[in-house]
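Okay, structure first, notes after.
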Amino acid sequence: HHLARTFIVTTVDQTLQAALGIDGALATALVDYESGMSLGQAGSGIDLDIAAAGNTDVVRAKIRTMQHLGLSGKIEDILITLDTQIHLIRLLQSQSGSGLFLYLVLDKSRSNLAMARRQLLNLERDLDI
């Protein structure tokens, strides 16, 4: 007699809404970095279509650079720190999330980077695509 573990499965929209609930979150998107297209977005204050395309270039460049350097590890996240904002690019590690990243824009004065990274990791675990 054992207890079955319950898995919480969340949709893209639920995941994006939860990401917006992270302290200091301004905007978020789920992006396919093979096409540069956004699968969903939430929040405001930034053009998320332009952000999706631009950050796709960042991810591709970093993957290419790692290949040239012979680094075999996986990219967990890419952090871009501005004077008033933090932009976090979290590459999804799950099978279903392969080729996707979660993009999160945080207000630097209202956020805790370590907590935000941890919360994104937790959101990624529950996301079913």
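As the structure is a computational prediction, the values presented were derived from the model and not from experiment. Hydrogens, waters and symmetry mates are skipped; everything else that's a heavy atom, side chains included, is used.
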Student check: side-chain heavy atoms of Thr81 and Leu113 closer than 4.5 Å: no

Shortest non-hydrogen separation from Ile86 to Ser111 and the atoms involved: CD1-OG, 4.1 Å

Residue Arg60 excluded, over 12 heavy atoms near CZ under 6.0 Å: yes

From Leu88 atom CG to Leu106 atom CG, the distance as rounded to the nearest 0.5 Å: 6.5 Å

Gap between atom CG of Leu79 and atom CZ of Arg117 - 0.5 Å precision: 7.5 Å

Nearest heavy-atom neighbours spanning Ala42 and Leu16: CB-CB, 4.1 Å

Heavy-atom closest pair, residues Ala27 and Ser44: CB-O, 3.9 Å

pair Asp23-Gln119: side-chain heavy atoms closer than 4.5 Å: no

Exceeds 12 heavy-atom contacts within 6.0 angstrom, atom NZ of Lys108: yes

Euclidean distance, Lys74 NZ relative to Leu92 CG, rounded to 0.5 Å: 11.0 Å

Sub-4.5 Å side-chain heavy-atom contact between Thr56 and Asp32: no

Considering all heavy atoms, the nearest Gly99-Glu34 contact: CA-OE2, 4.0 Å

Nonpolar side-chain network containing Phe101, other nodes, edges under 4.5 Å: Leu26, Val31, Tyr33, Ile46, Leu48, Val58, Val59, Ile63, Met66, Leu69, Leu71, Ile75, Ile78, Ile80, Leu82, Ile89, Leu91, Tyr103, Val105

CD-CG distance between Gln14 and Leu123, expressed to the nearest 0.5 angstrom: 11.0 Å

Which atom of Ala25 lies closest to which atom of Ala19, heavy atoms considered: CB-O, 3.4 Å

Residues which pass side chain to side chain contact (heavy atoms under 4.5 Å, CB included) with Leu121, listed by chain and number, not counting sequence neighbours: Arg90, Glu124, Arg125

Side chain to side chain, Asp107 and Thr84, heavy atoms closer than 4.5 Å: no

Considering all heavy atoms, the nearest Ala114-Asn112 contact: N-OD1, 3.1 Å

Leu30 side, atom CG; Thr11 side, atom OG1 - distance, nearest 0.5 Å: 10.5 Å

Distance (rounded to the nearest 0.5 Å) between Thr15 OG1 and Leu120 CG: 10.5 Å

